[in-house]
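Keep in mind it's a predicted model, so treat the numbers as computed, not measured. These values consider heavy atoms only, across backbone and side chains, with no hydrogens, waters or symmetry-generated copies. Each ligand, and each atom within it, is numbered from 1 in the order the structure gives.
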Amino acid sequence: MIHQRNTVRASLNDDVFASNDLSVTMPKYRMHEHEHEPHHVRQVVVDELMLDGNSRQNLATFCQTWAEPEVREIMALTLDKNMVDKDEYPQTAALEERCVHMLADLWNSPDAANTLGTSTTGSSEAAMLGGMALLWNWRRRRRAAGASSDRPNLICGPVQICWHKFARYWDVELREIPMESDRLLMTPAEVIKRVDENTIGVVPTLGVTFTCQYEPVEAVAQALDQHLADTGIDVPMHVDGASGGFTAPFCDPELVWDFRLPRVKSINTSGHKFGLAPLGVGWVIWRDSDDLPEELIFNVNYLGGNMPTFALNFSRPGGQIVAQYYNLLRLGREGYRKIHQAGYENAQYLAAEIAKLGPFEMIYDGRGGIPGLAWKLTDGVEPGFTLFDVADRLRMSGWQVPAYTLPPNLEDLAIQRILVRHDFSRDLADLLLDDYRRALAHLAKHRPTVPLSEEEAGSFHH
Ligand SMILES: *Cc1c(COP(=O)(O)O)cnc(C)c1O
């Protein structure tokens, strides 16, 4: 008995790595029969996470990787809040509602207090809901006119994958305007070429994924106005403002892209991108309650009360939404403007500096889109390395600066891109530039894509 007690006491005092759990292999693909000490398991899990990339050095992502301590506190405090349960958490629901109205107002809704909108898990779900509203409204118009409604199409420029999903899931033909070497975005003329009576809507992107640029929403809206006058075909617009919805209102207030254009019926954005909220929140807002078909809204009574819901998921965490509310209140327009302005300045700085480092030509230099930059190898130059080689080398020092090829018709063109986020300071930009220089120096010495000379090849074999 005494002996046993001593063994137990000894194991309680064990160093975590010398413990029964960590000194052996932990199960990975099958559940163990028995429990483990929480602090042991915590260590095992934390250690696994250590091998992930460092998110703040990930210059590929649009999503937030930094938060004020207050946001972390709010996230911990809201662990139990289920966004769908508006009866149990009416105040969380009220905060969501306030965010909807603030965004409607930010996007110049003519009647911001009465618009409809909802939080979502991100822009992908928001886009799905916006697309569904376009599809349902188009079907209603077609049926009312006694016309067929079995061949819907949607027109867009180079879009994020969520619109490919929308098109496939709902059997909508996606008329995606391909890129050309002299045109990386949709233009009014390219849109009008593709419009017909089966077009459920046109979706310009404010902050194109591949190049960070804004598509010309106002010019497209005007072309569609003219098209209506010419043909009687009236095509609504939805703006994918995943990033731009939270940058343009603060840093480009003169740019007309939002509900100031009557043709823009709905807008989505990602709260967790330039909305500065933690991962897991997006928004979709309709211009007018008539633009959201009633059939898409379900009323649920089994949580107590009668609750309208329009979302793909049912239960969903509420913390991100509360944190979004915190940000809107905490920062105001001035705070968002200052943060994003710093991002633009850092992006423009990096664009100027990277252009000096080698045969790089900026295709986006941080002006006319979201805070970021994108470049390609200068045409006709053979530097002996590719942008993929540069990306690999940068990864050695932890930086993720993606290189990728563009979508059709520019599949042969590789570019590299940086998103400049809230937490990317000028000092970090300089540290990145140092590593970029080192990467290029290395590649100059060990030219990866130059075929080995016979002599060099021979020296490998001896
Ligand atoms: C990121 C992004 C999306 C998808 O948004 P999530 O919030 O990641 O679901 C859609 N469209 C554009 C333009 C984006 O940048």
Side-chain angles (χ1 to χ4, degrees), residues 55 58-65 83 99 103 107 117-132 134 154-169 174 176-177 179 184-186 201-217 220 237-249 257-258 264 266-285 311-313 316-317 320-321 323-324 327 340 343 347 364 368-374 400 402 404 406-407 415 417-422:
S55 63
N58 178 1
L59 307 183
T61 185
F62 295 67
C63 293
Q64 281 312 298
T65 49
M83 202 58 244
C99 290
L103 287 177
W107 296 337
T118 180
S119 66
T120 58
T121 323
S123 273
S124 302
E125 184 186 6
M128 198 68 66
L129 302 181
M132 284 162 67
L134 291 176
L154 181 81
I155 299 172
C156 59
V159 276
Q160 210 265 355
I161 195 78
C162 69
W163 293 102
H164 291 244
K165 289 186 185 173
F166 167 75
R168 190 165 315 163
Y169 296 167
L174 196 64
E176 187 172 1
I177 300 166
M179 287 183 172
L184 302 178
L185 304 171
M186 73 163 49
V202 174
V203 177
T205 302
L206 213 64
V208 170
T209 309
F210 310 97
T211 60
C212 306
Q213 295 159 312
Y214 291 158
E215 290 196 302
V217 185
V220 169
M237 293 170 78
H238 170 97
V239 179
D240 181 350
S243 297
F246 265 111
T247 53
W257 64 275
D258 54 16
V264 172
S266 48
I267 298 172
N268 70 271
T269 197
S270 294
H272 53 218
K273 292 184 177 175
F274 291 87
L276 307 179
L279 275 172
V281 57
W283 300 95
V284 55
I285 315 270
L312 297 184
N313 232 67
R316 192 153 60 81
Q320 295 84 336
I321 292 138
Q324 179 80 77
N327 275 326
H340 295 335
Y364 173 66
I370 60 176
L373 55 148
Q400 280 174 265
Y404 51 91
L406 291 177
I415 71 169
R417 184 197 66 194
I418 287 176
L419 258 299
V420 177
R421 297 189 306 272
H422 186 185

(message) Could you report the tightest heavy-atom contact between Phe246 and Gly271, atom names first, then the distance?
(response)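 Smallest interatomic distance, heavy atoms only, reads CE1-CA, 4.1 Å.
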(message) To check you understand the geometry: which heavy-atom pair defines the closest contact between Leu312 and Glu125, and what is its length?
(response)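 Distance-wise, the nearest heavy atoms are N-OE2, 2.8 Å.
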(request) Could you list the residues that satisfy side-chain contact (heavy atoms from CB on, under 4.5 Å) with Gln213, not counting sequence neighbours? (result)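 Counting only residues at least two positions away or on another chain, Gln213 forms a side-chain contact (heavy atoms from CB on, under 4.5 Å) with Leu184, Leu185, Thr211, Tyr364.
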(request) Using side-chain contact (heavy atoms from CB on, under 4.5 Å) as the criterion, list what pairs up with Tyr404, not counting sequence neighbours. (result)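 Counting only residues at least two positions away or on another chain, Tyr404 forms a side-chain contact (heavy atoms from CB on, under 4.5 Å) with Phe210, Pro402, Leu406, Ile415, Arg417.
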(request) Tell me, please, which residues at least two apart from Thr209 pass side chain to side chain donor-acceptor pair (under 3.5 Å). (result)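 Result, side chain to side chain donor-acceptor pair (under 3.5 Å) vs Thr209: none returned.
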(message) For a side chain to side chain contact (heavy atoms under 4.5 Å, CB included) check, start with the C-alpha distance between His164 and Glu176, then their side-chain angles and the critical distance, and finish with the verdict.
(response) CA-CA 9 Å; His164 291 244; Glu176 187 172 1; 2.9 Å; yes
(message) Using a 4.0 Å cut-off on heavy atoms, what residues surround ligand 1? Order them by chain and number.
(response)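 These residues qualify: Gly122, Ser123, Ser124, Gln160, Cys162, Thr205, Gly207, Thr209, Asp240, Ala242, Ser270, His272, Lys273.
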